[in-house]
Amino acid sequence: MIEHPRLQYRVKFGQAEAVLYHEELTNGNQRNVPITVTDNQEGWEGDKVEWYTQKEVADLLGVSKATVYHYGKQKKIMKILDPHRLHKEARYEKAEVDRLVSEKQSLPTGMSPNEVAKKLGLSVQSVYKYIQDGSIKAKAVPYGDERITYVILVTDYQEAEKSLKPTETQRPKKYEYYDAKNDIVLFQRFHSNKIPEARVIRNEEKVFGCYLPNIQKWLTYEEGINNYSLKPSYSIHQSTLDYKGYIELEIPKDAVVIYPFLDYLYETWGMENIRLREQDQTILLFIRAGERPLKTKGFLAPDILPFLIKGDIYNEEGHLIFRSSYRKTSFELPIDLLESMTKLAEQEGISMSKWVEQKLLSLLK
């Protein structure tokens, strides 16, 4: 009998070759153990190889077992042959694995694009776009064969968060509800001969896609177009209204009026005059003040009044009219004071007007 942890020995019997082994169950600890031989040593070779199991390699490198398999195929690590399948799990030479671990430890550490996307409420594609245009600083590191991935340092993430992650006091930013690549907006209605109604929804990874209510299935946008022949039920673009402020509404997702109202807004007002933020239970809407024809049987003006937060809504001579609760004003202040106020507003990630409004409200309470 031969006893030695994690070592491979070969013994030859004429033309036949077998592999004898013993694995010590010591939680993967490597240590020198003397070899004990109780059989005739004739025919034993002294070429011993230390090794890790496939799972241990995956844990050490922080990758999946499938990736370890591909590393072996690519000759990045050496897989130990086991023609007689005497081992339950594939094994890899320790020296090559240790080299890869050392290389990985020398790379910068931080957050992956996937982690940043989840924290900022963006799609992964958007994060890569912001990395490319410099909005998010990231370090390129080797990944696989002639590929690279990105690592975002904590300080760089914090800097990006200030400019990209909207606060509760900010109006929604376009990327929250508009997918420029496919020219679609959140909750937009689609249909086809096969599907009477589908809605644009974002999945957990914040990727825009199509949700089919009748079969309760989410698809990528491409799958919806190619497999179900989905097409938009209306155009989402209209001319931009002159700026006269916004009205604000917060509508529960389960409100009967929500989809008819959104369809009307997208088709008649256009996404250029709307800002939308999806929240856990509600949808927050900012709509430019103005008026447009009301030609729909899906809802009436009184149906949306209970959800009004700021501004005014009324129907007059076949037009739906939105009036903002804000009025423009101006006053003169010392330049150094204005500069200080601007810096404070930027630190809080809000506009100067919003910052002044908050401070005045706190004084008036």
Side-chain angles (χ1 to χ4, degrees), residues 28 51-79 90 92-167 170 172-184 186 202-209 218-223 278 346-347 349:
W51 49 269
Y52 291 117
T53 65
Q54 187 177 24
K55 183 179 184 307
E56 288 171 334
V57 176
D59 292 341
L60 287 167
L61 295 175
V63 297
S64 67
K65 292 175 70 173
T67 300
V68 174
Y69 170 80
H70 288 298
Y71 282 174
K73 296 285 285 184
Q74 297 161 1
K75 305 301 182 184
K76 289 184 177 181
I77 54 179
M78 297 303 296
K79 183 178 180 180
Y92 297 86
E93 292 187 10
K94 180 177 182 294
E96 293 297 314
V97 175
D98 288 344
R99 177 183 58 79
L100 279 184
V101 171
S102 178
E103 288 179 0
K104 184 173 182 179
Q105 290 174 343
S106 66
L107 297 174
T109 58
M111 301 169 63
S112 69
N114 280 5
E115 292 171 326
V116 170
K118 289 181 179 180
K119 282 184 171 290
L120 294 180
L122 302 173
S123 67
V124 178
Q125 294 94 325
S126 296
V127 171
Y128 277 107
K129 184 191 75 172
Y130 287 127
I131 289 173
Q132 296 298 326
D133 67 21
S135 300
I136 298 178
K137 296 177 182 177
K139 295 185 180 295
V141 297
Y143 175 74
D145 283 346
E146 299 180 357
R147 292 184 295 169
I148 62 169
T149 186
Y150 293 95
V151 172
I152 297 93
L153 304 180
V154 174
T155 52
D156 292 333
Y157 166 75
Q158 291 171 344
E159 183 178 337
E161 184 180 32
K162 292 178 182 178
S163 60
L164 295 176
K165 185 175 183 179
T167 64
Q170 286 180 318
K173 296 188 177 182
K174 186 178 289 187
Y175 65 75
E176 293 185 62
Y177 58 92
Y178 178 59
D179 178 10
K181 176 185 175 183
N182 297 307
D183 191 31
I184 55 177
L186 204 57
R202 294 200 300 178
N203 64 7
E204 293 180 355
E205 283 71 41
K206 307 300 180 183
V207 176
F208 285 83
W218 184 91
L219 308 168
T220 65
Y221 176 75
E222 291 75 15
E223 288 174 331
E278 181 183 14
E346 289 176 350
Q347 290 174 4

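Quick caveat, the model's predicted, so the values are computed rather than measured. Note that the numbering runs from 1 along the sequence shown for the chain.
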Please report the interatomic distance [atom1]([X]) to [atom2]([Y]), rounded to the nearest 0.5 Å.
X: Tyr177; Y: Leu186; atom1: OH; atom2: CG; result: 10.5 Å
X: Lys79; Y: Gln54; atom1: NZ; atom2: CD; result: 7.0 Å
X: Ile184; Y: Asp179; atom1: CD1; atom2: CG; result: 4.5 Å

For [X], all residues meeting salt bridge (charged side-chain N to carboxylate O under 4.0 Å, His left out), sequence neighbours excluded:
X: Glu159; result: Lys137
X: Asp59; result: Lys55
X: Lys174; result: none
X: Glu278; result: Lys253

**OP:** Return the set of residues passing side-chain contact (heavy atoms from CB on, under 4.5 Å) with Gln132 (not counting sequence neighbours), or none when no residue passes.
**Re:**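 Gln132 satisfies side-chain contact (heavy atoms from CB on, under 4.5 Å) with Tyr150 only.
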
Subject >> Contacts of type side-chain contact (heavy atoms from CB on, under 4.5 Å), residue Val97, not counting sequence neighbours >> reply: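 Val97: side-chain contact (heavy atoms from CB on, under 4.5 Å) contacts with Tyr52, Val57, Leu60, Ile77, Tyr92, Val101.
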
Original post:
In terms of side-chain heavy atoms, does Ser135 have a donor or acceptor partner in Asp133 at a distance below 3.5 Å?
Top reply: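 Their side chains do contain a donor-acceptor pair, which is all the 3.5 Å distance test asks for.
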
Just to verify, what does [X] make a side-chain hydrogen bond (donor to acceptor under 3.5 Å, both in side chains) with, not counting sequence neighbours?
X: Asp183; answer: Tyr178, His237
X: Ser64; answer: Thr67
X: Asp156; answer: none
X: Glu223; answer: Thr220

Subject >> Presence of salt bridge, Arg99 and Glu96, under 4.0 angstrom >> reply: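 So Glu96 pairs with Arg99 through a salt bridge.
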
Subject >> Closest non-hydrogen atom pair between Ile152 and Ala138, with its separation >> reply: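 The answer is CG1-CB, 3.8 Å.
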
Original post:
At their closest point, which heavy atom of Ala160 faces which heavy atom of Ile136, and how far apart are they?
Top reply: CB-CG1, 3.8 Å

**OP:** Under the side-chain contact (heavy atoms from CB on, under 4.5 Å) rule, what do Tyr69 and Lys65 come out as? Steps first, then yes or no, please.
**Re:** CA-CA 6 Å; Tyr69 170 80; Lys65 292 175 70 173; over 6 Å; no

4.5 Å side-chain heavy-atom contact, [X] and [Y]:
X: Val151; Y: Met111; answer: no
X: Phe208; Y: Arg202; answer: yes
X: Trp218; Y: Val207; answer: yes

Original post:
If only atom types and distance count, is the side chain of Glu56 paired as donor or acceptor with the main-chain N or O of Thr53 below 3.5 Å?
Top reply: yes

**OP:** Without swapping roles, check the side chain of Gln158 against the backbone of Thr155 for a donor-acceptor pair under 3.5 Å.
**Re:**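 Looks like no, no N/O pair under 3.5 Å.
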
